[in-house]
Every structure is written in structure tokens, then in C-alpha cells.
Amino acid sequence: MAIQSPLPRLEEDGSRLDWVDARYEVGIEMRGTQQVEISHRLHNAGSLERLIDLGTAKWVTEVRCPRTMFCALHHSAHAEQVLELRSDELLDPWFFLPGLLAVEDSSLEAVGLNGFAWDSSDNLDVPRGWWLARASVRSARPLSASLVRFTRQPALSPGEMGVEENHNGRTPFVVSLAADLYERRHDRDVQIAGLIAACALLPRSQFCAGGDNDESPVAAELCSRIEEAGLPDWDSDEFDPARTATLLERFHVSPPAEDEDG
């Protein structure tokens, strides 16, 4: 029997109870400023996977930029998407909304859906354009960029760097660079060194309990990342700023070159 409504959606945050055991997870990794890799994962959602196999559902990532009113949908039959982004279309801030979209009118088996609303023997008529699964909106601005801003400081001698808390701006910490380092501010080693310096200020910053930033979205995300890694946070005497910084932005270590002489 085909059912017209209601239609289920599998939300990443579990805010809808349409599915009993199914889960949808997304991983997003920025590669520089113009390339992003999105990884989609389904668990215990066989009826959705069948639609993907039939080609009537595809993985999508919607890219949004409110400042330029830009919006685009990128489709893929594969769970790994790599997007090339145009800087002339996207101005900070911009966002990703990944999910699974019905690209054709489809029939979805109700197996695995909440029995209060659907019978497992039902087939649901899903129209083209329906979001079958949807992730939470992600900011393209990485957490490290939300913590640290780099500026040029002519008073510094070559090779020198300084850091201070920024009480009045959007970015909590400002890293000052000598002119030679500022020219290399996009180098990963320079950025991570600045991030380590900023993390060293966390225990005496407005991110501490009772401070102006202790309940900010940046603090919440940073605490979540630290907790997931099993590390002590900045309110602990065991807080490690270098470990925290490289949790957010890891050094890229090239493999040793092979000895041509064997």
C-alpha cells in the first residue's frame, strides 16, 4: 500500500523521531580555502541505501553565502564528495548543509520507521526534492579561524610573534606578526604556532568560568572537541595548550625521503 503522508526525515541531530535506530553522520574537512571534502554515513537505514543504489536518491551538499545571496546544490552518487569552491561567489561567512535528497519520485519502504506513524509493510510515496536525511548546518569557518586573527606588527623584530586577548572584536585572540612572518601568515606552521600561543592564554582569558566568553558558541565547540579527545580543558591545571592547538590544526609531517643509495 502506498502512503502519501507524513514523510519521514532522518536528522543528524536526532531531533525528529521518524526513525527508530537509523543514524546519519557527516564529516567535513576544509582543504585550504577553495576545496572541501564531505563524508556522508548512514547506519541502520537499509531502505534509504536502497534508494541510493537505485539512483533515485543522491547525496547533496547545499552551499550558502548570505552576503552574496549565493546558494548551490552539489549532487553525488558517492558518499564522499569533494567540492571546488569559487572565492568570487563566497564571502565570509558561508555555510554547508549536507544531506540525502530524492532526485526522482520514489517509493520508500517503511522498515525501520517509527511504528506509531507507519506500518513496516507500508511503502511511502516520496516526491522529487524531499530531503530524506539532513545534517546540521556547518560553518565553513574553521574553529581555529574563529579563535585567532593574524595582524602585522611593524614594531616586532624579524621572526617575532606576539599574542593578546581581543576584548572588543569578533575573534577572541589576535596574533601579531613581524613583517617577514606576516608575509608567510598562510603557512601552516605559522598559523599553528599562533594557535598554540592563543591556547596558552585560555586559562586566564574570558573563556574561563564566569568570563564574557565562557558560554559563547566558540567556547562550546572548543570544549566539545577537547572532551571528545579526552583532554583536560583550560580550567584544569593539566591543560596542555600545544596539545589542544594541534587537536584543532595538526601539523602535516611529510614522510621521510627514500634513500636513493638504498
Side-chain angles (χ1 to χ4, degrees), residues 11-15 23-33 36-37 39 41 92-98 135-153 155-156 159-178 181-182 184-253:
E11 297 281 359
E12 181 189 21
D13 62 4
S15 58
R23 288 182 294 115
Y24 171 46
E25 297 175 350
V26 173
I28 294 182
E29 180 179 352
M30 293 297 301
R31 297 178 177 177
T33 59
V36 59
E37 180 177 313
S39 300
R41 293 291 181 268
D92 187 47
W94 43 285
F95 305 91
F96 302 113
L97 177 57
S136 303
V137 176
R138 303 289 213 285
S139 172
R141 185 178 174 86
L143 180 56
S144 56
S146 298
L147 278 172
V148 176
R149 177 170 60 90
F150 292 90
T151 64
R152 179 173 179 167
Q153 176 50 265
L156 293 175
E160 288 187 343
M161 171 186 293
V163 63
E164 61 183 357
E165 191 171 5
N166 182 20
H167 295 280
N168 300 316
R170 184 177 70 166
T171 309
F173 300 100
V174 174
V175 173
S176 302
L177 302 175
L181 286 181
Y182 188 76
R184 296 178 47 217
R185 64 190 182 279
H186 297 301
D187 288 2
R188 193 169 185 83
D189 288 358
V190 172
Q191 292 185 352
I192 296 177
L195 185 59
I196 293 173
C199 286
L201 294 184
L202 283 170
R204 56 182 188 275
S205 72
Q206 292 299 311
F207 280 73
C208 292
D212 290 343
N213 281 327
D214 71 328
E215 295 184 355
S216 68
V218 173
E221 185 176 354
L222 184 55
C223 279
S224 177
R225 296 281 292 274
I226 291 174
E227 183 179 355
E228 288 176 3
L231 301 177
D233 66 21
W234 54 86
D235 288 323
S236 168
D237 292 337
E238 298 179 358
F239 175 67
D240 185 340
R243 182 73 189 280
T244 298
T246 52
L247 172 67
L248 304 180
E249 298 288 348
R250 300 179 188 273
F251 285 103
H252 287 170
V253 181

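Positions are given from 1 along the sequence.
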If you compare all heavy atoms of [X] against all heavy atoms of [Y], which two are closest, and at what distance to 0.1 Å?
X	Y	value
A245	I196	CB-CG1, 3.4 Å
L181	M161	CD1-CB, 4.4 Å
F173	F207	CE1-CE1, 4.0 Å
C199	F239	O-CE2, 3.3 Å
L177	R185	CD1-CB, 3.9 Å
E12	S136	OE1-N, 2.8 Å

Does atom [atom1] of [X] have more than 12 heavy-atom neighbours, drawn from other residues, nucleotides or ligands, at distances under 6.0 Å?
X	atom1	value
E215	CD	no
R243	CZ	no
E160	CD	yes

Those residues that, when tested against R204, pass side chain to side chain donor-acceptor pair (under 3.5 Å) (two or more places apart):
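Expected list: none.
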Residues two or more places apart in sequence or in another chain: which of them pass side chain to side chain donor-acceptor pair (under 3.5 Å) with R184?
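D187.
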When rounded to the nearest 0.5 angstrom, what distance separates [atom1] in [X] from [atom2] in [Y]?
X	Y	atom1	atom2	value
T244	I226	OG1	CD1	4.5 Å
D212	S205	CG	OG	10.5 Å
E165	N213	CD	CG	7.0 Å

Side-chain contact test, heavy atoms from C-beta onward, threshold under 4.5 Å: evaluate it for [X] versus [Y] and give yes or no.
X	Y	answer
Y182	S176	no
V36	I28	yes
L202	L222	yes

Side chain S224, main chain A220, donor-acceptor under 3.5 Å
no
Do the side chain of N166 and the main chain of V174 share a donor and acceptor less than 3.5 angstrom apart?
no
Can L147 and L248 be said to form a side-chain contact (heavy atoms from CB on, under 4.5 Å), step by step?
CA-CA 11 Å; L147 278 172; L248 304 180; 3.8 Å; yes
